[in-house]
2 protein chains.
Amino acid sequence: MVRVGLTPERLTRAGAELADEVGFDQVTVSALARRFDVKVASLYSHLKNSGDLRTRIALFALEELADRVADAVAGRAGKDALAAFAEAYRDYAREHPGRYAAARLRLDPETAAAGAGVRHAQMTRAILRGYDLTEPDQTHAVRMLGSVFHGYVSLELAGGFDHSAPDPQESWAWIVDSLDALLRHRATP
Amino acid sequence: MVRVGLTPERLTRAGAELADEVGFDQVTVSALARRFDVKVASLYSHLKNSGDLRTRIALFALEELADRVADAVAGRAGKDALAAFAEAYRDYAREHPGRYAAARLRLDPETAAAGAGVRHAQMTRAILRGYDLTEPDQTHAVRMLGSVFHGYVSLELAGGFDHSAPDPQESWAWIVDSLDALLRHRATP
DNA sequence: GAGGTTTGCCTAAAGGTATTAGGTAAATGT
DNA sequence: ACATTTACCTAATACCTTTAGGCAAACCTC
């Protein structure tokens with residue numbers, strides 16, 4: 001009986017990798033046990049249950065995505081920051097589709113509040129500082145940016161743009177451009 | 001052995017209702033069998049498998065949503081049509097969250113081509129006729145509208161706007177307004 | 001380094017879902 | 001009225017989840 005050295009952290013990380021390989025909804029306690037060559041029941045010393053695993057992966061992904069975005073927007077402002085945010089966001093989703101799906105998992109409010117969701121909101125608001133928006137416009141804009149980014153990435157990952165021209169990259173650039181123009185136009189003098 | 005009168009259509013409809021009640025991912029062949037007070041295996045005479053059931057619900061929801069949207073935009077143009085499209089779309093998702101989730105199921109290309117997905121694309125392009133966009137701008141705009149609508153509704157259903165002012169309805173109106181301005185601004189003279 | 005304690009992984013078992021094979025009785029057609 | 005079709009059933013297999021209880025490896029503590 002060799003001890004593999006399981007920990008919630010290792011399981012979470014492996015779960016995230018598994019999600020990218022087979023899809024977040026295919027992430028199962030059994031599959032994870034197989035990956036560590038360990039019996040299924042053994043994982044229950046480290047995880048409360050299968051929901052706990054998914055939540056941990058979600059929080060992990062949120063954190064990782066927030067890090068990436070924070071890195072991308074650091075030292076930028078205005079349209080530059082907006083474009084960097086957008087690119088980092090989309091790139092993460094394309095590199096890690098399973099983790100991205102995990103990041104969209106609905107969390108109960110306390111869990112969400114404790115996680116990196118707050119950082120995401122703060123970063124979006126930081127971007128908007130370059131556009132002189134007052135409330136409630138700023139909140140509307142936060143919601144709009146979140147919608148466009150999530151919506152686009154989600155459609156792209158679902159294969160919605162697969163068999164049609166032009167290249168999704170071009171549409172993405174066009175959209176970012178449009179959002180910039182829109183936000184400048186909405187600025188309160 | 002009383003015959004209940006199962007058909008693929010009745011099962012699909014009941015599955016759609018079940019989805020709205022418990023969530024699309026909780027729609028299971030077993031749950032459906034319980035709902036008809038019938039043994040699970042009996043459903044396999046009417047459905048190929050569980051994926052078949054989900055696909056049928058997805059196609060049903062796509063059709064229903066397309067009908068609603070078509071109804072809403074009929075006889076309207078320009079911003080009026082855009083707003084009507086947006087409202088019909090969001091209302092459907094809020095009234096039928098399970099069906100809406102079903103409509104986002106990834107279908108294989110042939111199935112998708114045979115279903116109402118095509119109508120959705122056509123209607124979006126019809127809306128854009130009021131804005132004088134030439135290609136490739138029109139495609140970019142189609143993708144953007146799809147992203148915003150899906151993204152917003154998806155975030156709203158996930159509870160993303162639950163504990164924050166202002167009212168989601170206001171943000172929605174603001175966004176539709178912004179999109180209209182944006183599209184007018186993008187018009188090619 | 002020997003002792004006891006903690007704990008990581010195991011076996012066993014129960015319950016749920018998906019799916020297939022093969023049977024019986026109700027409905028349908030002639 | 002009889003033959004055929006078909007709607008639903010029982011039975012069986014397989015996988016995933018979760019809990020309970022056991023054994024041995026790892027870790028103190030002296």
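Just so it is clear: chains get the letters A, B, ... in the order the sequence lines come, proteins before strands, and each one is counted from 1.
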Seminar exercise, completed: Rounded to the nearest 0.5 angstrom, the CG-CG distance for B:D177 and B:L182 is 12.0 Å

For this session: Run the numbers on B:H96 and B:Y92 for ring pair (Phe, Tyr, Trp, His ring centres under 6.0 Å), then give the verdict.
Result: CA-CA 6 Å; B:H96 299 296; B:Y92 183 77; 5.3 Å; yes

How many Å lie between [atom1] on [X] and [atom2] on [N], as a whole number?
X	N	atom1	atom2	value
A:L6	D:dA26	CG	C1'	15 Å
B:L53	C:dT19	CG	C1'	14 Å
A:E9	C:dG8	CD	P	12 Å
B:D52	C:dA18	CG	P	13 Å
A:D37	C:dC10	CG	C1'	13 Å
A:K39	C:dC9	NZ	C1'	11 Å
A:Y44	C:dC10	OH	P	15 Å
B:L43	C:dT17	CG	C1'	12 Å

Are any protein N/O atoms closer than 3.5 Å to N/O atoms in nucleotides 2-6 of chain D? If there are, list each pair with its distance.
from  : atom 1 : to   : atom 2 : distance (Å)
D:dT6 : O2     : B:R3 : NH2    : 3.1

Distance below 4.0 Å between [X] side-chain N/O and [N] OP1 or OP2:
X	N	answer
B:R54	C:dA18	no
A:H46	C:dT7	no
A:T28	D:dC16	no

Smallest separation among heavy atoms of [X] and [Y], with atom names:
X	Y	result
B:P8	B:R56	CB-NH1, 3.5 Å
B:P166	A:T139	CD-CG2, 3.5 Å
A:S42	A:H46	O-CD2, 3.5 Å

For this session: Measure the angle between the two terminal helix axes of the helix from C:dG4-D:dC27 to C:dT30-D:dA1, five base pairs each, and quote it to 10°.
Result: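 Both end axes considered, the difference amounts to 10°.
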
Looking at every strand, decide which applies to [X] at a 4.0 Å heavy-atom threshold: base, sugar-phosphate, or nothing.
X	answer
A:A41	base
B:S50	sugar-phosphate
B:S45	base
A:V40	base

For this session: Compare all side-chain heavy atoms of A:K79 with those of A:R184 and state whether any distance is below 4.5 angstrom.
Result: no

Exercise. Are side-chain heavy atoms of B:I57 and B:L18 found at a separation under 4.5 Å?
Worked result: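 The answer is no, as the side chains (C-beta and beyond) never meet within the 4.5 Å cut-off.
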
For this session: Could you tell me whether the side chain of A:R106 and the main chain of B:L157 form a donor-acceptor pair under 3.5 Å?
Result: yes

For this session: Would you kindly check if the NZ (Lys) or CZ (Arg) of B:R143 is within the cone defined by 45 degrees around the ring axis of A:Y152 and under 6.0 Å from the six-membered ring centre?
Result: no

Exercise. Testing B:R68, B:R119, B:R99 for salt bridge (Lys or Arg N to Asp or Glu O under 4.0 Å) with B:E63, which one passes?
Worked result: B:R119

